[in-house]
Asker: 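Handing you a structure now.
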Amino acid sequence: MLRMSTLFLRTLRDDPSDAAVASHKLLVRAGYIRPIAAGIFSWLPLGVNVLRKVERVIREEMDKAGFQEVHFPALLPKDPYEKTNRWEDYGPALFRLQDRKGSDYLLGPTHEEMFTLMVKGEYSSYKDLPLSIYQIQTKYRDEARPRSGIIRGREFVMKDSYSFDLDDAGLEVSYGKHRDAYISTFDRLGLKYNIVSAMSGAMGGSKSEEFLAPCSTGEDTYVLCKKCGYAVNVEAMSTKVSAGETTEHPPIEVLDTPNTPTIESLVEVMNKKYSANIDASKTLKNVLLIADGNPISVLVPGDREVDLKRLEANLIGVKELRLFDDEDFAKRKDFVKGYVGPQDAKRLGVKLYADPRITIGSSWITGANVRDKHARNVVHGRDFQVDGFVEAAEVREGDACPKCDTPVIIDRAIEIGHIFQLGRKYAEALELTVLDSEGKSRVVTMGSYGIGVTRAVAAIAEQTYDEIGLVWPAEIAPAKVHIVATGKDDLPFTTAEKVALELEGKGIEVMLDDRREASPGVKFKDAELIGNPIILIFGKSLADGKVELRIRKSGEKSEVALAEVVSKVAALLN
RNA sequence: CGGGGCGUAGCGUAGUGGCUAGCGCGUCUGCUUUGGGAGCAGAAGACCGUGGGUUCGAGUCCCUCCGCCCCGACCA
């Protein structure tokens with residue numbers, strides 16, 4: 001029983017000044033966590049309580065699916081991570097350290113290497129597969145910018161699983177089992193979520209889906225079609241393209257357009273000076289970038305911005321991408337800022353990538369690569385050719401669903417889970433092979449599956465809180481019932497104690513506010529802030545043999561006869 | 001890493017270059033009080049983030065560093 005009189009807990013009346021999101025504010029105020037450094041938190045008894053419950057649900061669902069738990073160190077040697085190149089590739093986000101002898105170590109940001117090596121050390125036959133193992137571990141990533149309290153920390157708890165199969169069909173099965181296990185896990189945790197495809201089909205990459213918990217403070221943006229259920233990360237959204245134009249276009253015409261370096265000014269000049277009657281979507285925006293040191297130009301309709309995240313996710317093979325800056329323009333005087341067009345790409349030595357809306361045969365108004373001049377009737381296929389199409393333009397609410405053409409909605413969410421068909425990358429690098437039925441050596445194919453455990457705590461808080469505090473689902477609340485005893489007489493306290501013990505006897509967790517010195521107001525506020533689902537109040541009405549029962553979530557209040565309290569509570573929890 | 005904001009007691013905050021750094025919450029003691037963060041009386045608690053500078057005098061002005069938050073870049 002959690003007794004408020006002795007519980008290591010101090011609630012705060014004010015929001016901490018450095019917290020911006022609700023989960024952060026409330027978890028600190030209600031005494032679940034305390035900040036230690038940027039993106040690093042201590043967990044107090046209430047916080048540990050909730051965290052353990054989330055872990056328990058995860059463990060139960062993993063075990064039910066037949067996955068086995070293992071546990072790796074958080075402190076790891078460099079060597080395996082060198083073999084997979086991640087000692088380098090992970091960059092500054094990797095916490096690196098040395099021991100007294102000067103050997104390199106790291107704090108694990110994720111454990112693909114260790115899992116792969118563990119299986120390699122134990123198994124060598126196809127008969128041992130399939131296998132899925134998992135751990136719940138503290139992970140470390142030196143995030144460039146930790147933020148939003150526990151949503152994006154530098155130290156966090158993650159459940160990560162890995163599946164090992166002989167072939168793609170097996171991987172598909174293991175992936176499906178994880179997907180199902182995640183669905184039951186998140187359902188039990190009371191989370192609302194969407195399963196969203198994380199990679200575009202165009203990439204031809206392996207399968208990857210994210211479990212996104214919608215909430216306004218989320219960092220991920222996703223696209224959802226309410227009609228057909230199409231759901232993708234915004235980076236993976238593919239553009240619905242209407243049929244290409246086939247009409248003949250007049251030849252290119254170069255126009256005088258002094259002082260029109262922006263799309264907005266171009267539209268105005270075209271309409272006023274040339275009576276074109278167009279909007280920005282008829283113009284072609286040429287966004288210059290540096291991709292791994294080389295200039296590229298990305299073409300999007302003038303009414304859309306380039307979404308750098310989308311572009312980067314869809315430009316395969318490019319490691320470093322940034323916009324042209326003033327220095328680049330200074331170096332390349334042949335790129336006329338504000339008047340760039342695709343017609344001279346070859347001469348300028350720039351690779352062209354086009355948004356799919358720039359269909360072959362479409363005609364555009366764009367820069368003439370000469371200061372103060374634009375060109376119209378610039379036709380894709382006739383006047384310029386692109387090196388490839390790429391999803392680069394921003395996605396907007398109301399854009400057409402690529403599957404059913406219905407306008408899509410855009411929402412923000414917290415990524416609470418990610419399942420991913422890894423393939424053979426790690427198995428190859430670390431030489432994880434087994435002998436198949438013909439005695440031949442085969443590289444194992446893997447899947448990787450993560451759940452952000454601490455992040456799930458934050459996501460649940462974000463999805464359920466209200467203006468007076470946290471509102472936990474019963475499954476993970478610190479206690480199912482929060483009992484408040486008020487008054488100066490002993491009766492409410494002794495009665496509350498008795499009922500608390502009875503409830504516990506039925507396996508119902510109880511938090512008992514047995515503080516004699518605290519005023520009723522304080523106890524009510526604390527109960528509401530802490531967020532257990534049922535609140536029982538032993539006070540005034542006890543004289544009539546009644547107890548007040550409140551549902552935290554709905555705020556609903558009722559009087560229950562003392563004799564019926566236990567059965568009533570038990571019924572509510574079923 | 002770029003831009004912005006902020007560091008004063010456990011938390012929230014006030015503080016024209018000028019006396020002993022103020023207030024609320026919380027904490028401790030005593031009395032009173034017990035259905036909505038009670039009242040009274042008292043108490044403890046602050047290297048005013050750090051180092052330097054300007055000044056007769058710095059919490060306050062200048063510089064350095066450190067830390068925290070927000071936007072962006074980044075985020076298997």
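All chains are named by letter (A, B, ...) in the order of the sequence lines, taking the proteins before the strands, and each is independently numbered beginning at 1.
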Asker: Considering only B/C70, B/C74, B/G37, which nucleotide approaches the side chain of A/Ala20 most closely?
Answerer: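 Between B/C70, B/C74, B/G37, the one nearest the side chain of A/Ala20 would be B/C70.
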
Asker: Regarding B/A76, can its base be found pairing with the side chain of A/Arg141 as donor and acceptor, where the two atoms are less than 3.5 Å apart?
Answerer: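 Counting by modelled atom types and ignoring angles, a donor-acceptor contact under 3.5 Å is found here.
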
Asker: Mind checking the P distance from B/A38 to B/A76? Whole angstroms is fine.
Answerer: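 Approximately 48 Å lies between the P atom of B/A38 and that of B/A76.
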
Asker: So, does A/Arg145 get its side chain near the phosphate of B/A73, meaning an N or O under 4.0 Å from OP1 or OP2?
Answerer: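 Checking B/A73 against A/Arg145, no side-chain N or O comes under 4.0 Å of OP1 or OP2.
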
Asker: Please classify the nucleic acid contact of A/Ile537 as base, sugar-phosphate, or nothing, using heavy-atom distances under 4.0 Å.
Answerer: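 Base contact - A/Ile537 has a heavy atom under 4.0 Å of at least one base atom.
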
Asker: Quick check on the 6.0 Å ring-centre criterion: do A/Phe324 and A/Phe329 meet it?
Answerer: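 Ring centres of A/Phe329 and A/Phe324 closer than 6.0 Å.
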
Asker: Could you give the distance separating B/U54 and B/G5 at their C1' atoms, to the nearest angstrom?
Answerer: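 These two C1' atoms come out 26 Å apart once rounded.
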
Asker: Distance between the C1' atoms of B/U32 and B/U50, in whole angstroms?
Answerer: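 B/U32 and B/U50 have their C1' atoms separated by 47 Å.
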
Asker: Choosing from B/U34, B/G35, B/U27, which nucleotide comes nearest the side chain of A/Arg10?
Answerer: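 Of the candidates, B/U27 comes closest.
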
Asker: Between B/G35, B/C71, B/G37, spot the one nearest the side chain of A/Glu548, thanks.
Answerer: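 Among B/G35, B/C71, B/G37, the one nearest the side chain of A/Glu548 is B/G35.
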
Asker: Looking at A/Glu528 and B/G37, is any side-chain donor or acceptor paired with a base atom of the opposite kind under 3.5 Å?
Answerer: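 Absent.
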
Asker: Measuring from the side chain of A/Lys557 (C-beta onward, heavy atoms only), which nucleotide among B/A38, B/A76, B/G36 has the closest atom?
Answerer: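 Comparing B/A38, B/A76, B/G36 against the side chain of A/Lys557, the answer is B/G36.
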
Asker: Under 4.0 Å between any heavy atoms, over every strand shown, what does A/Ala518 touch: base, sugar-phosphate, or nothing? Just pick one.
Answerer: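 Base contact.
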
Asker: Just checking A/Ser148: base, sugar-phosphate only, or nothing, at a heavy-atom cut-off of under 4.0 Å?
Answerer: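 Result for A/Ser148 = sugar-phosphate.
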
Asker: What integer number of Å spans the C1' atoms of B/G17 and B/U55?
Answerer: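 Between the two C1' atoms, the distance is 9 Å.
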
Asker: Shortest non-hydrogen contact from A/Val157 to A/Thr454?
Answerer: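 Shortest heavy-atom separation between A/Val157 and A/Thr454 comes out as N-OG1, 3.0 Å.
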
Asker: I need the full list of side-chain hydrogen bond (donor to acceptor under 3.5 Å, both in side chains) pairs touching residues 533-548 of chain A, with sequence neighbours left out, sorted by first then second residue.
Answerer: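 For residues 533-548 of chain A, and leaving out neighbouring residues, the side-chain hydrogen bond (donor to acceptor under 3.5 Å, both in side chains) pairs sorted by first residue read A/Glu548-A/Arg550.
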
Asker: Show me the side-chain donor-acceptor pairs of residues 67-80 of chain A shorter than 3.5 Å, one per line, residues at least two apart or across chains.
Answerer:
| unit_1 | atom_1 | unit_2 | atom_2 | d |
| --- | --- | --- | --- | --- |
| A/Glu69 | OE1 | A/Arg59 | NE | 2.7 |
| A/Glu69 | OE1 | A/Tyr134 | OH | 3.3 |
| A/Glu69 | OE2 | A/Arg59 | NE | 3.1 |
| A/Glu69 | OE2 | A/Arg59 | NH2 | 3.0 |
| A/Lys78 | NZ | A/Asp104 | OD2 | 3.0 |
| A/Asp79 | OD2 | A/Lys83 | NZ | 3.0 |

Asker: If you check the A/Thr11 side chain, which of B/G35, B/G37, B/C71 turns out closest?
Answerer: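 Output: B/G37.
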
Asker: Determine the Euclidean distance between corresponding P atoms of B/C1 and B/C23; express it in Å to zero decimal places.
Answerer: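 Roughly 42 Å separates the two P atoms.
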
Asker: At less than 4.0 Å, is any side-chain N or O atom of A/Ser519 found next to OP1 or OP2 of B/A38? Yes or no.
Answerer: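 A/Ser519 to B/A38 OP1/OP2: side-chain N or O found under 4.0 Å.
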
Asker: Give one of base, sugar-phosphate or nothing for A/Glu112, where a contact means two heavy atoms less than 4.0 Å apart.
Answerer: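 Result for A/Glu112 = nothing.
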
Asker: Heavy atoms only, 4.0 Å cut-off, all strands: where does A/Lys425 land among base, sugar-phosphate and nothing?
Answerer: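 The answer is nothing, as A/Lys425 stays clear of every strand by at least 4.0 Å.
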
Asker: If I pick the C1' atom on B/G35 and the same atom on B/C31, what distance separates them, to the nearest angstrom?
Answerer: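 Comparing C1' positions in B/C31 and B/G35 gives a spacing of 23 Å.
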
Asker: With rounding to the closest Å, how many angstrom separate the P atoms on B/G49 and B/U60?
Answerer: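 Comparing P positions in B/G49 and B/U60 gives a spacing of 8 Å.
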
Asker: Let me check something: any side-chain donor-acceptor pairs from residues 21-31 of chain A under 3.5 Å, sequence neighbours excluded? List them with distances.
Answerer:
| unit_1 | atom_1 | unit_2 | atom_2 | d |
| --- | --- | --- | --- | --- |
| A/Ser23 | OG | A/Glu462 | OE2 | 2.7 |
| A/Arg29 | NE | A/Leu12 | O | 3.0 |

Asker: Taking 4.0 Å as the cut-off, does a side-chain nitrogen or oxygen of A/Lys525 come that near to OP1 or OP2 on B/G37?
Answerer: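 Result: no.
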
Asker: Expected output check: what is the dot-bracket annotation of RNA chain B, where ( ) and [ ] are pairs inside the strand (brackets for crossing ones), | is paired with another strand, and pairs are Watson-Crick or G-U under 3.5 Å?
Answerer: (((((((..((((....[...)))).(((((.......))))).....(.(((..]....))).))))))))....

Asker: Say you pick atom P in B/C19 and the same atom in B/C65; how far apart are they, in whole Å?
Answerer: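 The same atom, P, in both gives a distance of 32 Å.
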
Asker: Enter the distance from A/Tyr175:OH to A/Arg179:CZ here, rounded to the nearest 0.5 Å.
Answerer: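 If I round to the nearest 0.5 Å, the distance is 6.5 Å.
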
Asker: Does A/Arg455 count as lying over the ring of A/Phe156, i.e. NZ or CZ under 6.0 Å from the six-ring centre, within 45 degrees of the axis?
Answerer: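 That pair does not qualify as a cation-pi contact.
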
Asker: A/Lys309 has a side chain; which of B/C74, B/G37, B/G35 sits nearest to it?
Answerer: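 The answer is B/C74, which lies nearest to the side chain.
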
Asker: A/Ala38 near the nucleic acid: base, sugar-phosphate alone, or nothing, with a heavy-atom cut-off under 4.0 Å?
Answerer: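 The answer is sugar-phosphate, as A/Ala38 gets under 4.0 Å only of primed atoms, P, OP1 or OP2.
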
Asker: For the CD atom on A/Glu559, are there more than 12 heavy atoms of other groups (residues, nucleotides or ligands in this structure) within a distance under 6.0 Å?
Answerer: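 Counting neighbours around CD of A/Glu559, more than 12 heavy atoms of other residues, nucleotides or ligands fall under 6.0 Å, so yes.
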
Asker: Can you name the salt bridge (Lys or Arg N to Asp or Glu O under 4.0 Å) partners of A/Glu264, sequence neighbours left out?
Answerer: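 By the salt bridge (Lys or Arg N to Asp or Glu O under 4.0 Å) rule, A/Glu264 matches no residue at all.
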
Asker: Between the protein and nucleotides 8-12 of chain B, are there any N/O to N/O pairs under 3.5 Å, and if so, what are the atom names and distances?
Answerer:
| unit_1 | atom_1 | unit_2 | atom_2 | d |
| --- | --- | --- | --- | --- |
| B/G12 | OP1 | A/Ser17 | N | 2.9 |
| B/G12 | OP1 | A/Ser17 | OG | 3.1 |

